[in-house]
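Numbered from 1 within each chain, the chains take letters A, B, ... in sequence-line order.
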Amino acid sequence: MTMLPGPTPKKLGLAIDLDTCVGCNACVTACKGWNDQGYGAPLSDQNPYGSDPSGTFLNRVHSYEVQPPDGPAQVVNFPRSCLHCEAAPCVTVCPTGASYKRAEDGIVLVNEDACIGCGLCAWACPYGARELDQAAGVMKKCTLCVDRIYNDNLPEVDRVPACVRTCPTGARHFGDFADPNSNVSRLSAERGGMELMPELGTMPVNRYLPPREKGVEQTSPLAPLLDIRATGLAGWLDLVLSRF
Amino acid sequence: MHPAPSVILFTTLSGLGFGFLAFLGAGCLHPASMTAFLLWGLGYALAVGGLLFSTLHLGNPQRAWRAFSQWRTSWLSREGWASVVTLLLLPPVALSDWLGLGWSRLPGMIGAAMCFVTIFTTSMIYAQLKTIPRWNHWITPVLFLAFSGTGGAILAGKVWLAVGGCVVLAAVLVAGWRIGDGRFETVGATMESATGLGSIGKVRVFERGHTAGNYLLREMIFVVGRKHAARLRVIALALAAVVPALILLVAGPHPVAIALAALCHLIGAMAQRWLFFAEAEHVVGLYYGQR
């Protein structure tokens, strides 16, 4: 059913820490690995060992250079995946009801048996979170590892999305944003968790924790050594030449 | 956006087809016997052919029937319903014209109105998308309706209606380009808002998430051929509106002139539709530093 369910009692999602993410792509690999088995059509690759490889991924890590007005530029690694929006535009555009948002926990999923592969939901998503699998012809997206988080066959420590479980720096946190005392809600409140492209009115659930402010001591300890002042003949020349 | 041939053929052919069916249904022409059969056949061939081309865009076309289920929220589903209802409303009038049965034209009148409802629903598939600012504007439905009405009038051989339609279409085309060119800035999505990093400073792509292409780049970040945009706009404007109007004004409603004008208009519509996709910038391009 492509009607949005309204406010959900739980709002499961991720808090992604842009300060601690080192851009190692472990989450990308873990996501691809887990979603190659079990839930839905496996994430296919086309020509993976050829000259023009391409494939379906539910999570991709970009790197950006941010230039503050004063101070040196910073590199920020930026994982991009489904934000499980409250007003998910990908759900309402679906003509078949394949794209839906779960009333119980807010996870946005695709019923692949009903997906005709028209691609309209991918067009409606501002975040590039949906990719049409070229082998199965159905839309793939982050499931928040719905087949892990409720899976009693897994040890409790593993009942989190694969990307969260694997992250070596602990940059990814999974929890319920509807509960103000959950780990992710508190992290988001403490660190000023951000919504992406709020101007498009999608009301994303996932939050991005901005990079912490860098300390004021930005100059290199070697800086005094680089400030060379000419003496002797060179100093005299410097003085004369700068008069011209 | 990637200008897929299937979607270009779908929107242009079914647009022209439903426009022509509207004129036939409303009784603007009075064809009889074989002429009626051929004209109604042409209208149905264009409309149904266009709809069939749209299924080539699907990854699993065998499930296309499911697209009728979500009419309450989805414009694509509404478009499916509108087109089927329209195509089922018109056969009695078509039969009556062909066999001279003299049946009531009422279903034809309703069918004619439904033709334009169908075109409106098609246009809303594109106009509803906030992620593509150029399309997300009332000018998109106006443009699709102007194309359909003008194309129908040309095929119907109604010279003054067609010429009037061409003038309106030309104005809507120019207005659409002028409005569209500023839409991305109006919506205001930037690399800074896309990444949330604007509070620190100016954002630039340091490295993409992948070295090869992917679905997003192929489907939504299509930049090939935009350098010819200005030339293509002139071609679209000339072929879709100016030349057909001139042909009909000079030669009158002669069948050869009508065919020539309609063909010219259709090629112009295809050029415009190619641009409609190629020039449409999806906000996801911001993550790749592209528009």
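- Using modelled atom types, one side-chain atom of Asn60(B) and one backbone atom of Gly137(A) make a donor-acceptor pair closer than 3.5 Å.
- Taking Gln74(A), Glu131(A), Met194(A) one by one and counting their heavy-atom pairs under 4.5 Å with chain B, the maximum is reached by Glu131(A).
- If you measure heavy-atom distances from Val76(A) to chain B, the contacts under 4.5 Å come from the side chain alone.
- Residue Ala136(A) touches chain B through its backbone alone, counting heavy-atom pairs closer than 4.5 Å.
- Only the side chain of Val75(A) comes within contact range of chain B, judged by heavy atoms closer than 4.5 Å.
- In this structure, chain B has heavy atoms under 4.5 Å from both the backbone and the side chain of Pro126(A).
- Proximity to chain B (any heavy atom under 4.5 Å) is shown, for Cys118(A), by both the backbone and the side chain.
- Side-chain atoms of Arg66(B) do not come within 3.5 Å of backbone N or O of Gly97(A) as any donor-acceptor pair.
- To the nearest 0.5 angstrom, Leu132(A) atom CG is 11.0 Å from Leu216(B) atom CG.
- Contact count against chain B (heavy-atom pairs under 4.5 Å) is highest for Cys125(A) among Gly55(A), Pro79(A), Pro210(A), Cys125(A).
- Summarising the geometry, atom CE belonging to Met197(A) is positioned 9.0 Å from atom OG1 belonging to Thr131(B); distances are rounded to the nearest 0.5 Å.
- Only the side chain of Gln134(A) comes within contact range of chain B, with heavy atoms under 4.5 Å apart.
- At a 4.5 Å heavy-atom cutoff, the contact between Arg218(B) and chain A is made by side-chain atoms alone.
- Contact annotation for Glu213(A): neither backbone nor side-chain heavy atoms come within less than 4.5 Å of a heavy atom of chain B.
- Both the backbone and the side chain of Pro68(A) come within contact range of chain B, with heavy atoms under 4.5 Å apart.
- Of the two parts of Ala64(B), only the backbone, made up of N, CA, C and O, holds a non-hydrogen atom closer than 4.5 Å to a non-hydrogen atom of chain A.
- For chain B, the nearby parts of Gln67(A) are the backbone and the side chain; heavy atoms of each come within less than 4.5 Å.
- Proximity of a side-chain donor or acceptor of Ser54(A) to a complementary backbone N or O of Asn214(B) within less than 3.5 Å is not detected.
- Neither the backbone nor the side chain of Trp81(B) comes within less than 4.5 Å of any heavy atom in chain A.
- Heavy atoms closer than 4.5 Å to chain A are found in both the backbone and the side chain of Arg204(B).
- Aromatic ring pairs are classed by plane angle as parallel below 30°, tilted from 30° to 60° and perpendicular above 60°; the pair His62(A) and His210(B) is perpendicular.
- Going from atom CD of Glu207(B) over to atom CG of Asn77(A) covers 9.0 Å, rounded to the nearest 0.5 Å.
- Using a 4.5 Å cut-off between heavy atoms, Glu79(B) makes no contact with chain A at all.
- Heavy-atom distances place both the backbone and the side chain of Tyr127(A) under 4.5 Å from chain B.
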